[in-house]
Amino acid sequence: MNQFDFLNDLNPEQLEAVKCIEGPMLVLAGAGSGKTKVLTYRVAYLVASGVPFNEILCLTFTNKAANEMRNRITSLLGELGKKSLGGQGWIGTFHSLFARILRAEAEKLGYSSNYTIYDEDDSLRTIRELLRERNLSEEIFSPSGIRWKISQLKNKAVLPEEFLAQARIRQDQVSAQIYSEYEKRLRKNNAMDFDDLLLKPILLFHRDRGVLEKYQNKFKFILVDEYQDTNRAQYVLLKLLAESHKNICVVGDDAQSIYSWRGAELKNIFDFQTDYRGCKVFRLEQNYRSTGKILKAANSIIVHNRRKLDKELWTTNHEGEKLTLLKCDTDRDEGYRIVQKVREEILKNKLQLRDFVVLYRTNYQSRSLEEAFNKNAIPYVIVGGIAFYRRKEIKDILAYLKLIINPSDDESFLRIVNLPQRGIGDISLQHLKRFAESNSLSLLSASGMADSIVEVQPRQRRQLLEFHNLIFKYTKLKDQMKASQLVQSLTDEIGILKDLKEEATTESLERIENIQEFISGIAEFQQEYPDSTLEDFLSEVSLVADVDRWDARQNSVTLMTIHAAKGLEFPVVFVSGLEEGLFPHSSKEDEELEEERRLFYVAITRAKKKVYLSYAKERYRYGHPTFQSPSRFISEIKSDLIEDDNEGKLIADTERDALSYMLEKLGVSFGNNSIMSKPFDRDKLGQVERTNKELKVGSIVEHEMFGIGKIVEISGKGENTRAVVVFGSNQRKQLLLRYAHLRLIK
DNA sequence: TTAATTTGCACCTAC
DNA sequence: TGCAAATTAA
């Protein structure tokens, strides 16, 4: 047995790609052909051949993929792995690895290493402020439009001066102006946005040859996953780093490029061979994931695209079943039919809940699906939607932490200075800003001198000083206590949990849970990285993706967007909402339409065994029912590969009957199925409240959001009666009966 | 200065 | 429909 034994489970093409180490190479790898496997084995092979682990730069698309890859490499290498890997190495996303490099080199860019990372909301706030300060109308110059423009420019590595020079129309000139001011403002706040994490290293490398050489020497081998989704800035970074040794291996599939709206350029993968002379090309066309029929269906879709590289996937897997089309009456119906199919598949093929994924184009589609899963007590998890770290309550606490670490961060200051309410409003802030500006101070230091600002009322002065002292107290404390303790003590002091508890709505209870989860998240992070600082944690949370938090092992059906599903696989895949205007999304043509088609291709190729497609003839959009027509993509699938589901309607009716029966038992009268569209009619509330008196431990109840559950505990009395309810999706919720409006079922 | 109410707009996709 | 900004009342 030797250290290269692991190479035995590669096919000849994969093996060749793994063992060819020197020089530039391009691996064109179709869906399910083992592209991540090649990258993983390649890193392991390099290490086994004696290359130090931390001299390998490996760029993945998500943190999750990076972690999986790291674990896999360790296990491939066995004993050798434990010895040589140590540390976390340089496997990760572009954003997280370059954020790390920027921390180390911040001073060279005029930043300090405790810089804050701004997300889109923070950027938008900043742009709004700049427009307001300049008296530019938000109607004429849309803040989100400008933010979008700035982001696009940064992705293309275009600087404000360059854009200003080429701006002809007034809109562009204003955008260029704001872009330039925005840069200054971020610098003043010691902050960078997401795009800066790629752009700033480029500027650094251009400005300081020595630093560039340092990293060129450090990273002797570069590997890139999902190369088809890199943007111009990423391309330039790679070009710079690989310049001296040219040991760059990129892996990708042009048919799976789905991020052009984020600046990704297919050009990068198309031109790789001419960019890097002497580049070797490998093709992986054997698919190990899907059945023959699924693969043929996928191929029959992608041939409708004109802009693509030549490649056709094949497999030796079973032919499998045809794709099944569910033609549904409404979006609600769609949810029920999907649930029904999940049940059928579980019974028929002995599958588990974790074997299913429901995919959709836009996040809001999860709502109608969620309802069906709730009502039928099928455990599910939604990936995405409002990302955990973007929730208001979490962002509020994060703003405190950011300000504690980076006192120049005026954005965070403005977010929390009056939260909880300290009676500091617009007017006081205007004065404070003016004072800060004329003395070149940050807003936080300015509040420390509030007594010298004559325009501010005494009450507000006192509040500002107090706020300043609060932040400073924690600035001093942060190195003495654990981050999780600090957050606990901070949240206690500002009383955010107390306020939410008093509110006692289901929503506020959920927020409390989120905050608690956040605190335990910090504790976990510290356990994993004992030497880490609060700064490390903050930079980590800024860069986690929705899928990073998703646990494939838990036994629930997964609901997510197709974008989030990239790189994943499931035995059974539902692709829902196949309607014109939704998927493909409205007004897409030519190149954009081709990207929608690639997205559909990605969706279908996630499946191992079975694909269900569905559309609804009528769907709620903007709160109104809208007529929808089937997506053109459905008819692009070769007709012998797809079949209609005929039982469907009958089953959906059965579902409806079950619900009707339930409602009838509750004494809710109805004559037609209009009750279906608003089962929680407010007229019925009085009645619901009366039933609350009859609730006891063991009662089966229904909740508007969580569906059907069982009461396991009741506490308190009168107004404050609470119940602990375990719902079907296995969620345990503590609810205040006054707000929860539980419906007694049994 | 804040709370209450109205209006207006949105529903792409995300590090 | 459902949220967030804008407007108005307190």
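Sequence lines set the chain letters: A, B, ... in the order given, protein chains first and strands last, and positions in each chain run from 1. Computed from a prediction, not measured in an experiment: that's the story for all the values here.
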Practice task
Would you tell me if any nitrogen or oxygen in the side chain of A:Gln421 comes within less than 4.0 Å of OP1 or OP2 on B:dA3?
Solution key: yes

Exercise for the section: Check the pair A:Lys154 / A:Phe194 against side-chain contact (heavy atoms from CB on, under 4.5 Å), numbers first and verdict last. Expected result: CA-CA 10 Å; A:Lys154 287 188 172 187; A:Phe194 283 132; over 6 Å; no

Exercise for the section: Answer yes or no: does a side-chain N or O of A:Thr561 lie under 4.0 Å from OP1 or OP2 of B:dC12? Expected result: no

Handout entry: Phosphate-side-chain proximity, A:Asn363 and B:dT13, N/O vs OP1/OP2 below 4.0 Å
Key = yes

Handout entry: d(CD, A:Gln365; P, B:dC12) in whole Å
Key = 11 Å

Practice task
Could you tell me whether A:Asp426 contacts a base, only the sugar-phosphate backbone, or nothing, with contacts defined as non-hydrogen atoms closer than 4.0 Å?
Solution key: nothing

Problem - Ring centre gap for A:His585 and A:Trp261 strictly below 6.0 Å - result: no

Handout entry: Ring centres under 6.0 angstrom apart (A:Phe633, A:Tyr601)
Key = no

Practice task
Indicate whether A:His585 forms a stack on B:dC12; treat it as stacked only if centroid distance is below 5.5 angstrom and interplanar angle below 30 degrees.
Solution key: yes

Practice task
Rounded to the nearest angstrom, tell me the gap between atom CG in A:Asp121 and atom C1' in C:dA4.
Solution key: 12 Å

Fill in the blank from the handout: Looking only at B:dC11, B:dA14, C:dT1, the nucleotide nearest the A:Arg262 side chain is B:dA14

Practice task
Report yes if the distance between the aromatic ring centroids of A:Phe467 and A:Phe413 is under 6.0 Å, otherwise no.
Solution key: yes

Problem - Distance, rounded to the nearest Å, where A:Ile562 contributes CD1 and B:dT13 contributes P - result: 11 Å

Exercise for the section: Evaluate the side-chain proximity of A:Asp193 to A:Ile117: yes if any heavy-atom separation is below 4.5 Å, no if none is. Expected result: no

Exercise for the section: Take A:Asp548 and A:Gly425, find for each the nucleotide of DNA chain B with the closest heavy atom, and name the residue whose nucleotide sits nearer the 5' end. Expected result: A:Gly425

Problem - Side-chain N,O (A:Ser428) to OP1/OP2 (B:dT1) below 4.0 Å - result: yes

Fill in the blank from the handout: note: A:Phe61, atom CZ; B:dA14, atom C1'; distance rounded to Å ~ 8 Å

Practice task
Have a look at A:Ile258 and say if it touches a base, only the backbone sugar-phosphate, or nothing, with a 4.0 Å heavy-atom cut-off.
Solution key: nothing

Exercise for the section: Mind checking A:Asn418 for me? I need base, sugar-phosphate or nothing, with any heavy atom below 4.0 Å counting as a touch. Expected result: sugar-phosphate

Handout entry: Separation of atom CH2 in A:Trp550 from atom P in B:dA14, rounded to whole Å
Key = 15 Å

Practice task
Could you work out which one of B:dT13, B:dA14, B:dC11 sits closest to the side chain of A:Tyr259?
Solution key: B:dA14

Problem - Ring centroids of A:Trp261 and B:dT13 base under 5.5 Å with planes under 30° - result: yes

Practice task
Using the C1' atoms only, state how far C:dA5 lies from B:dC12, rounded to an integer number of Å.
Solution key: 22 Å

Exercise for the section: Return the value, rounded to whole Å, for the distance between atom CD of A:Glu580 and atom C1' of B:dC12. Expected result: 15 Å

Practice task
Give the C-alpha distance, both sets of side-chain angles, the deciding distance and a yes or no for side-chain contact (heavy atoms from CB on, under 4.5 Å) between A:Lys200 and A:Tyr111.
Solution key: CA-CA 11 Å; A:Lys200 291 287 190 282; A:Tyr111 275 84; 3.8 Å; yes

Practice task
For C:dA6 versus B:dC11, give the span between their P atoms, rounded off to a whole number of Å.
Solution key: 16 Å

Exercise for the section: Could you work out which one of B:dC11, C:dA5, B:dC12 sits closest to the side chain of A:Arg128? Expected result: C:dA5

Practice task
Using heavy atoms to find the nearest nucleotide of DNA chain B for A:Gly623 and A:Asp195 separately, return the residue whose nucleotide is more 5′.
Solution key: A:Gly623

Fill in the blank from the handout: note: A:Ile382, atom CD1; B:dA14, atom P; distance rounded to Å ~ 13 Å

Practice task
Measure the distance from CD on A:Gln256 to P on B:dT13 and round it to the nearest whole Å.
Solution key: 20 Å

